Undergrad: 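The structure's right below; bear with me while I get my questions together.
In listed order, ligands and their atoms are each counted from 1. Just so you know, these numbers come straight off a predicted model, no measurement behind them.
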Amino acid sequence: MTPQTNEPHHDAAIVHPPEPGDPLWWRTAVTYQIYPRSWADSDGDGLGDLPGITSHLDYLRALGVDAIWLSPFYTSAQRDGGYDVADYRNVDPIFGTLADFDAMAEKAHGLGLRVVIDVVPNHTSNLHAWFRAALAAQAGSRERARYIFRDGRGPDGDEPPNNWRSVFGGPAWQRVDDGQWYLHLFDYHQPDLNWDNDEVRAEFLDVLRFWLDRGVDGFRVDVAHGLVKQAGLPSWQMPPADLRLEGTLPTNASPYWDQNGVHEIYPAWRALLDDYSARTPDHPRVMVAEAWVQPLERMALYLRPDEFHLGFNFDFLECLWRATDLRAVIDHSLRSNDLVGAPTTWVLSNHDVVRHASRLGLPQERPRPNGIGPDDPQPDAVLGLRRARAATTLMLGLPGAAYLYQGEELGLPDATDLPAAVRQDPTFRFTEVSEMGRDGCRVPFPWSREAPSFGFGPSDRSWLPQPTVYGELAEDQQEGVDGSTLELYRTLIRLRAERRLGAGGLAWLDGFGDEVVAYANVDGAGRRTVVVTNLGAEPVPLKGDLGEVIVASGPLLESRTLPADTTVWLAR
Ligand code: GLC
């Protein structure tokens with residue numbers, strides 16, 4: 001136990017230095033993730049679309065974010081929410097047209113918002129022209145060589161080539177008519193590409209060029225750690241979850257995640273982006289890795305100067321609501337990224353995880369749940385929201401880049417009462433419903449309490465039913481309302497920009513006790529913003545010369561006392 005002193009000492013060593021000069025936009029940006037199916041529906045079919053996004057971009061300008069990232073809107077049978085891409089150079093009719101994309105990007109740019117789009121290189125859809133050609137061709141053909149086809153084991157070849165399991169449950173192999181098998185680390189509608197194949201490498205560079213020429217500012221790269229598989233595709237026994245989650249086993253212990261060979265792919269992507277950036281110096285392009293890799297030192301390899309600019313910090317997202325854990329993960333993240341000169345990319349929610357307003361309302365234990373169902377223990381909504389606001393207030397004070405997921409600024413919880421019949425995440429089916437999957441965080445956005453579908457679109461249709469509480473939390477119920485989660489986010493984002501917190505340095509502050517995370521964000525000129533989060537049950541007095549409160553995630557108790565599950569920013 002650190003003794004709780006009255007005077008926190010403020011001169012703790014800087015663990016992360018401030019950015020020199022005026023950093024490029026992406027190093028400090030707040031990016032808002034839009035899940036296009038669920039943000040705004042312009043035509044009333046119950047599915048969000050690009051014109052819907054265009055018509056709501058002003059809202060994001062007012063929120064104050066710097067950029068948007070769009071999950072896939074490409075041609076797709078939506079077997080995995082669009083992460084099964086059938087044509088990388090086109091827009092699916094449910095989302096609109098390429099012209100709608102151009103109009104959306106133009107409006108966004110006009111508002112000063114950068115546009116980041118998703119690219120899905122690990123696998124295509126089974127409906128992609130390449131995969132259809134592969135099915136029509138012979139074993140050993142050039143068409144099959146773009147994917148990972150193998151003969152099966154056993155005398156008749158009717159056992160899969162190895163024991164790998166799909167991330168969504170079940171075997172990672174599917175047999176085709178002539179008896180061969182193909183690998184799919186995800187749904188069997190998502191065959192894995194063979195990244196040893198030069199045609200595959202050339203194709204993706206061309207896809208990047210296609211979108212760069214349309215003016216996008218960057219890419220979020222899906223499953224960036226999965227593209228290369230160990231030679232010989234050896235069978236492998238997945239260790240029990242607790243071993244993995246304690247971080248004792250690096251991700252690359254598996255033969256398909258985080259193989260060293262992935263690092264031979266991205267330098268060519270980076271060179272391409274750098275080439276575009278050099279031609280338009282006021283328009284630097286960026287790529288951000290979705291790589292579920294541990295430990296953080298291996299994650300940092302993706303962030304070397306000739307690879308990704310950014311990579312989501314999932315250790316932070318997965319951290320339990322415990323002060324010692326949070327402090328350790330923040331410290332470790334900053335230090336390991338500093339070794340390669342990369343900013344840290346903070347994130348708490350996205351379309352793949354239980355929203356943090358629900359996650360933090362559950363007992364804090366591992367493993368992290370993959371969805372919550374009606375029969376599961378339910379999150380404590382009040383506690384969850386309180387902690388979520390505190391967590392975001394802690395996060396947005398940190399130096400680096402930050403990603404927000406649509407609806408978190410309203411404090412939306414997951415929908416936990418979705419009936420089985422409406423659930424669409426393949427995980428739900430392939431795990432034989434032992435995992436609920438990710439539908440609960442993908443429910444359409446509520447814009448207005450009284451409108452049909454809470455203003456998601458002009459009709460009452462919504463591809464997943466919206467819980468009643470989404471009406472109470474609708475955007476129009478929070479706009480301009482003091483103390484609402486929306487106004488909290490606006491204030492945080494505004495102050496973060498004004499005080500240049502993204503470019504700041506970080507020094508830990510001691511003396512508040514073990515259940516508090518406290519740091520100073522210090523800029524190059526020595527200007528300090530103090531951030532204090534109380535994760536304990538007891539109120540914590542804010543003693544010492546910390547400055548005045550400039551924003552708080554919830555009301556303070558009298559005489560500058562910080563209640564449980566609350567974060568405050570102070571400045572002189
Ligand atoms: C990524 C996406 C997820 C998708 C998976 C397969 O993890 O974020 O939604 O299911 O990749 O593409």
Undergrad: Hey, which of Gln33, Arg114, Met104 is the one that makes side-chain contact (heavy atoms from CB on, under 4.5 Å) with Ile68?
TA: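 So the option named by the test is Met104.
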Undergrad: Fit a plane to each ring of His184 and Tyr188, take the angle between them on a 0 to 90° scale, and name the class: parallel (under 30°), tilted (30 to 60°) or perpendicular (over 60°).
TA: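 Answer is perpendicular, since the angle exceeds 60°.
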Undergrad: What atoms of ligand 1 come within less than 4.0 Å of a heavy atom belonging to Arg438?
TA: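 Within the 4.0 Å cut-off of Arg438, ligand 1 contributes 3 (C), 4 (C), 9 (O), 10 (O).
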Undergrad: Considering only non-hydrogen protein atoms, determine which one is nearest to atom 7 (O) of ligand 1 and report residue, atom name and distance to 0.1 Å.
TA: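 Of the protein heavy atoms, Glu290 OE2, 2.7 Å lies nearest.
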Undergrad: Describe, in one word, how the ring planes of Tyr182 and Phe149 are oriented to each other, choosing from parallel (under 30°), tilted (30 to 60°) and perpendicular (over 60°).
TA: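 If you compare the ring of Tyr182 with that of Phe149, the planes turn out tilted.
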Undergrad: Among protein heavy atoms, which lies nearest atom 1 (C) of ligand 1, and at what distance?
TA: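 Result for atom 1 (C) of ligand 1: Asp222 OD1, 2.7 Å.
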Undergrad: Going by the order shown, which atoms of ligand 1 are within less than 4.0 Å of some heavy atom of Val223?
TA: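 Listed by number with element, the hits are 1 (C), 11 (O).
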Undergrad: Report yes or no: is the cationic atom of Arg285 (NZ for Lys, CZ for Arg) closer than 6.0 Å to the six-membered ring centre of Tyr276, at no more than 45° off its axis?
TA: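 No; the conditions do not both hold, so Arg285 does not lie above the ring face of Tyr276.
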Undergrad: Side chain, backbone, both or neither: which applies to Phe312 and ligand 1 if a contact is any heavy-atom pair less than 4.0 Å apart?
TA: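 Within the 4.0 Å criterion, Phe312 makes no contact with ligand 1.
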Undergrad: Does this structure show an ion pair linking Asp414 with Arg438, if we count only N-O contacts that are shorter than 4.0 Å?
TA: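 Judged by the 4.0 Å cut-off on N to carboxylate O distance, Asp414 and Arg438 do not form a salt bridge.
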Undergrad: Go through ligand 1 atom by atom and flag the ones less than 4.0 Å from a non-hydrogen atom of His351.
TA: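 Heavy-atom distances to His351 below 4.0 Å select 2 (C), 3 (C), 8 (O), 9 (O).
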Undergrad: Taking 4.0 Å as the limit for heavy-atom contacts, which would you say applies to Arg442 with ligand 1: side chain only, backbone only, both, or neither?
TA: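 It is the side chain that gets close, since no backbone atom is under 4.0 Å.
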Undergrad: Looking only at protein heavy atoms, which one is nearest to atom 4 (C) of ligand 1, and what is the separation?
TA: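 Sorting protein heavy atoms by distance from atom 4 (C) of ligand 1 puts Asp80 OD2, 3.3 Å first.
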Undergrad: Any Lys/Arg nitrogen of Arg142 or Glu199 sitting under 4.0 Å from an Asp/Glu carboxylate oxygen of the other?
TA: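 Answer for the salt bridge query: yes.
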Undergrad: Under a 4.0 angstrom heavy-atom cut-off, which atoms of ligand 1 come close to His123?
TA: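 Those qualifying, in numeric order: 6 (C), 12 (O).
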Undergrad: For atom 8 (O) of ligand 1, what's the nearest protein heavy-atom neighbour? Residue, atom name and distance, please.
TA: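 In this structure, atom 8 (O) of ligand 1 has Asp352 OD2, 2.4 Å as its nearest protein heavy atom.
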Undergrad: Does Trp292 come within less than 4.0 Å of ligand 1, judged by its heavy atoms?
TA: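 For ligand 1, residue contact (heavy atoms, under 4.0 Å) with Trp292 is absent.
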Undergrad: Check Arg355 with Glu408, please: is the shortest side-chain N to carboxylate O separation under 4.0 Å?
TA: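 No, Glu408 and Arg355 are not salt-bridged.
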